Enquirer: 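Here it is, the structure in full.
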Amino acid sequence: MKLTLSGLTLAYPGQPPVLNGIDLQIESGETVALMGANGSGKTSLLLSLVGILPASGTIRLDSTALSKKTATFFRQHIGMVFQNPDDQLFSPSIWEDVAFGLENMSLPEDEIRDRVDTLLHELGLAHLKDRTPHDLSGGEKKIAALATVLVMKPDLIMLDEPTAFLDMRARKRLENALRDIPQAMLITTHDARFAARMCRRAVLLDSGKVAADGETETLLRDKALTERCGVDALE
Amino acid sequence: MKQPAPASLEQCALQNGPIHRIDPALKLLMMLAFECCVISCAPEQICLLPVYLVALLIIGTIARISPGLFFRRLALALPFAFFTGIWGCFYDHYPATLMGFTITRGELSFLSILLRTALCVGCVLIYAGTTRISMMAAGMRRLHIPQEIVSIFELMWRYLSVLTDEARNVRTAWMLRNGSANGISLKYFGSLLGGILVRSIDRAQQIHTAMICRGYPAASRAASPSKIRPAECIGAAAFTASCILYRVLA
Ligand SMILES: Nc1ncnc2c1ncn2[C@@H]1O[C@H](COP(=O)(O)OP(=O)(O)OP(=O)(O)O)[C@@H](O)[C@H]1O
Ligand SMILES: [Mg+2]
């Protein structure tokens with residue numbers, strides 16, 4: 001798998017462009033941190049990669065370019081975990097929510113049951129499977145939201161601020177879950193230490209452009225760069 | 001370990017009982033047949049209804065719908081039937097008999113409306129308590145109901161839970177800042193209601209996006225229940241035939 005963005009530009013109606021000519025490549029198995037100040041367009045970038053926000057420029061997954069016709073293909077291969085798990089969990093029970101994506105893939109019922117049960121067990125959510133998402137704790141919701149995407153086995157998983165609102169233990173648990181994932185990941189975060197632990201590579205956004213793309217530790221120790229991009233530096 | 005009783009019909013639907021396993025399209029057809037038979041009973045034929053009631057209770061028991069949940073949901077619907085039917089008691093004093101007792105025709109029709117409503121709503125509750133939402137949608141598709149209608153049905157269903165979620169949140173936030181536990185006063189009710197609607201529309205939009213990200217709608221690829229087994233067909237046909245025959249012949 002190889003995701004290639006070239007000249008990606010995105011503007012909300014009546015506003016100056018949020019993203020202005022982004023060039024980026026992500027290959028199989030890579031874990032990339034996407035960082036930038038509030039409002040720098042991280043979430044918008046993720047949404048445009050699955051064709052939810054219409055952007056100009058080209059987005060390719062291997063040799064397929066993103067268009068209206070291929071959007072479904074992109075959504076099968078790129079999974080997105082939303083910043084707010086309440087937006088992601090909408091079914092009466094966790095089990096059904098995790099099964100939702102697979103049902104859309106028209107898998108046989110036995111396989112759906114199998115895959116959902118196995119994953120819930122692996123993530124330590126088996127005891128919550130019949131609960132309504134509304135009643136779960138913030139940390140449990142985050143893991144459950146991750147499960148809804150993981151179960152579909154996409155090639156690239158995009159996570160929008162996965163550690164927001166999590167306490168230390170919940171963050172550890174999430175990190176462990178993420179570490180076991182073999183697929184490529186694109187993770188937006190404001191947490192420099194989390195980024196340095198999880199992602200070898202980081203991409204910093206500033207004024208709608210890629211300000212820097214390189215080794216996470218190196219970039220986040222560069223005081224001038226982090227200052228300019230409005231992200232926390234590593235001490 | 002004893003399982004806790006399901007807190008909602010949706011959770012009942014997740015169990016795996018004999019009624020749950022029946023094909024959703026067949027279940028939908030059986031439900032329609034049952035309801036048509038019940039609705040078409042004239043007030044004078046009220047004596048037919050107890051048999052349907054017994055049938056419904058037996059099915060509900062096999063389906064393991066928790067009785068408390070069932071009757072609480074049923075109780076929500078009955079006031080509507082009550083107010084629709086009660087007026088006949090005031091206007092229609094023509095005498096009628098019920099099991100040897102002489103009552104008025106208005107009273108007879110009132111009883112009949114109550115009973116028929118309870119039967120129809122009860123039947124829908126059992127359907128909802130034994131069929132997951134995605135399976136209901138799949139059943140509708142199997143009956144060639146247009147995808148647009150199925151989508152509207154699915155989104156409305158999800159929107160309802162979003163709406164109650166948001167209402168719960170807003171109510172809690174209001175109570176915390178208001179300091180009283182006596183519900184929401186009429187004065188603020190309007191603006192709170194508006195707030196709930198706006199917030200839930202926002203969230204519904206986000207949720208729709210999340211659904212699209214996971215491959216929705218996918219009519220061609222959507223959850224398909226396994227093939228209908230011959231035994232299921234025979235059972236469904238027998239049930240439907242007995243409902244209709246009893247209605248016509250009794
Ligand atoms: N639906 C929308 N309509 C108009 N403007 C929007 C919309 N969504 C986002 N924006 C604007 O686009 C810009 C980028 O928003 P985006 O949510 O992508 O930023 P972000 O980097 O994810 O920020 P954060 O770190 O706070 O999550 C912001 O200035 C925001 O106000
Ligand atoms: Mg964001």
Side-chain angles (χ1 to χ4, degrees), chain A residues 43 46-47 49-53 71-113 116 127 129-135 145 148-152 154 157-158 160, chain B residues 1 3-16 21 23-24 128-129 131-135 137-138 141 154-155 157-162 164-169 199-200 202-227:
Chain A
T43 303
L46 299 192
L47 287 174
L49 293 188
V50 280
I52 300 284
L53 291 177
T72 315
F73 172 82
F74 270 71
R75 288 167 200 160
Q76 277 169 4
H77 292 269
I78 303 181
M80 167 137 182
V81 183
F82 284 61
Q83 176 167 359
N84 181 357
D86 284 329
D87 296 337
Q88 184 125 21
L89 303 170
F90 44 72
S91 301
S93 73
I94 294 295
W95 194 94
E96 274 191 276
D97 220 306
V98 176
F100 179 80
L102 298 182
E103 284 170 349
N104 285 331
M105 288 160 78
S106 82
L107 296 178
E109 223 184 322
D110 296 343
E111 190 182 341
I112 296 183
R113 235 169 239 290
V116 174
H127 62 296
K129 72 185 168 82
D130 291 336
R131 294 263 297 271
T132 52
H134 185 89
D135 299 339
T148 65
V149 173
L150 268 187
V151 77
M152 297 174 73
I157 299 174
M158 308 192 291
D160 200 0
Chain B
M1 197 174 74
Q3 286 270 332
S8 67
L9 282 175
E10 286 88 358
Q11 289 183 352
C12 281
L14 291 178
Q15 297 170 334
N16 194 15
R21 284 193 290 268
D23 181 83
T131 319
R132 284 191 282 127
I133 164 85
S134 52
M135 284 296 131
R141 283 193 207 100
E154 273 191 281
L155 292 175
W157 190 280
R158 296 192 199 284
Y159 187 70
L160 273 184
S161 66
V162 170
T164 43
D165 263 17
E166 288 298 334
R168 243 195 305 187
N169 289 343
R199 284 171 54 145
S200 61
D202 254 11
R203 258 193 69 197
Q205 228 150 27
Q206 288 286 339
I207 285 175
H208 188 231
T209 308
M211 288 169 73
I212 291 176
C213 281
R214 284 194 272 157
Y216 184 88
S220 55
R221 304 172 294 114
S224 44
S226 27
K227 270 224 173 76

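In what follows, chains are A, B, ... by sequence order, proteins preceding strands, each numbered from 1. Being a predicted model, the structure only gives us computed values, none of them experimental.
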Enquirer: Pick one of side chain, backbone, both or neither for Asn84(A), based on which atoms fall under 4.5 Å of a heavy atom in chain B.
Expert: neither
Enquirer: To the nearest 0.5 Å, what is the distance between CE (Met105(A)) and CZ (Arg214(B))?
Expert: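 Atom-to-atom, Met105(A):CE and Arg214(B):CZ are 12.0 Å apart.
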Enquirer: Do the non-hydrogen side-chain atoms of Ile133(B) and Ser91(A) ever get within less than 4.5 Å of each other?
Expert: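 Side chain of Ile133(B) against side chain of Ser91(A), heavy atoms only: no contact under 4.5 Å found.
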Enquirer: Out of curiosity, Asn104(A) CG to Ser134(B) OG, how far, rounded to the nearest 0.5 Å?
Expert: 9.0 Å
Enquirer: For a 4.5 angstrom cut-off between non-hydrogen side-chain atoms, does Phe90(A) reach Arg203(B)?
Expert: no
Enquirer: Between Asp97(A) and chain B, which part of the residue has a heavy atom less than 4.5 Å away: side chain, backbone, both or neither?
Expert: both
Enquirer: Where does Leu14(B) contact chain A at under 4.5 Å (heavy atoms): side chain, backbone, both or neither?
Expert: side chain
Enquirer: Quick one: pull up CE in Met135(B) and CD in Glu103(A) and give me the separation to the nearest 0.5 Å.
Expert: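 Result: 5.5 Å between the selected atoms.
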Enquirer: Kindly write out the residues that satisfy side chain to side chain contact (heavy atoms under 4.5 Å, CB included) with Gln206(B), not counting sequence neighbours, or none if the list is empty.
Expert: Phe82(A), Asp87(A)
Enquirer: Can Glu109(A) and Arg132(B) be counted as an ion pair, charged N to O under 4.0 angstrom?
Expert: yes
Enquirer: Name all residues meeting the salt bridge (charged side-chain N to carboxylate O under 4.0 Å, His left out) criterion together with Arg131(A); count only those two or more places apart in sequence or in a different chain, and write none if there are none.
Expert: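 If we apply the salt bridge (charged side-chain N to carboxylate O under 4.0 Å, His left out) test to Arg131(A), skipping adjacent residues, there are no hits.
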Enquirer: Where on Glu96(A) is there a heavy atom nearer than 4.5 Å to chain B: the side chain, the backbone, both, or neither?
Expert: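 For Glu96(A), side-chain heavy atoms alone lie under 4.5 Å from chain B.
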